Amino acid sequence: MATSSKQYKAIGEDIWKGRTEKINAELFALTYGALVVQLIQDYEDYAEVNKQLEKMGYNIGTRLIEDFLARSNIGRCSDFRDVGEAVAKVGFKSFLNITPTVTHSQLPPTSPTAPSTQAGTSFVLTLDENPLAEFVELPEEALEGGLWFSNVLCGVLRGSLEMIQMQVQVDFLSDVLRGDESTQIQVKLVKYLEEEVPVGDD
Amino acid sequence: APRNTLASTSGVVVAVHSEPPPPLPLQQRERAQPMSELPFDEEAKLVYGVILSLRNMIRKLSGRDEQFVNYRTSTYKLHLYETLSGYKFVMLSDHATDSLRFVLRQIYTGPFLEYVVRNPLAAMDSRERGIDNEYFRASTDRLVRGLSVFP
């Protein structure tokens, strides 16, 4: 039974409203900002900072998915397109109270088989607002150094999707903090994962 | 008694309803004789193996969305709740009990979420050791004891 876009929207809103433990947005933004600043001081290399943010996000994501699954009671998504809808309308909404727009795209079909489950299928999330970057303005050297300020989000998406058997590549395409038109994250499916079977020792 | 850690090399976690086997195993049947003579982690591995085999067989037969829910023998019933993320919650009861899947789901959304998922210092991967900590045990214990099916 495919869940419609509207249903996802409703679920996302319900979960957000039902959350009793919300955090002050400013505190959240300032805490994250302090984290990024500390990383910049520690690593002094913006590419490395990007990597560390992604890694942190990954660890967060592997746990966040449990919260998501426990509360949303959502079943398995029918295809990768469905995943994009769920991520935007339920995931982002229930945790950050924002709903990015989803743009689906896929490789030009090389075969008539189901396009939305092919490796290489992707979707792009366009964030109109970004609670992490509320008060932020990037200095010259961060812009030149290639810092993706909110890169933790890429890690969160990668980590959480990996726990539900999808290996994805997540990258920022653009960021208003860098002077771009919009803030966009691309999520590309690499492959579906098989559950690991333990190596028998008996 | 301290629980043996799981020595499994699996990347998939088995969260077994963890109560110290002596003195009070959480099985609702009379304690005529222990469930098995095996140490806990060996038992857990066997249980995991059974569940995985059954589940794979069922999926081959009926498709990916089919859920293996429980099995029953002449002496006990094994209930399984598996999350989309691959965590498996298992409970054993006497064979007359109705489905306890809702309990397992409650454990997932309650104690597991609170004391394992939200504790950054608790490993979520049972590669090295099983998932086990004080608060998780205590909270699960409270939850199960509060059930009507529990004597």
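In this text the structure is predicted, and so the values were computed from the model without any measurement. By convention in this document, chain letters (A, B, ...) are assigned in the order of the sequence lines, proteins followed by strands, and residues within each chain are numbered from 1.
Residue contact with chain B, scored on non-hydrogen atoms closer than 4.5 Å, involves the backbone of A:T62 exclusively. In this structure, chain A has heavy atoms under 4.5 Å from both the backbone and the side chain of B:L84.
Within a 6.0 Å sphere centred on NZ of A:K22, heavy atoms belonging to other residues, nucleotides or ligands number more than 12. For B:R72, the CZ atom is loosely surrounded, since the number of other residues' heavy atoms within 6.0 Å does not exceed 12. Shown here is A:E134, whose CD atom has more than 12 heavy atoms of other residues, nucleotides or ligands within 6.0 Å. In this structure, B:F102 places its CZ atom where more than 12 heavy-atom neighbours from other residues, nucleotides or ligands lie under 6.0 Å away.
Of all heavy-atom pairs between B:R118 and A:D67, the closest is NH2-OD2, 2.5 Å. A pairwise comparison of heavy atoms in B:T83 and A:E66 identifies OG1-OE1, 4.4 Å as the closest pair.
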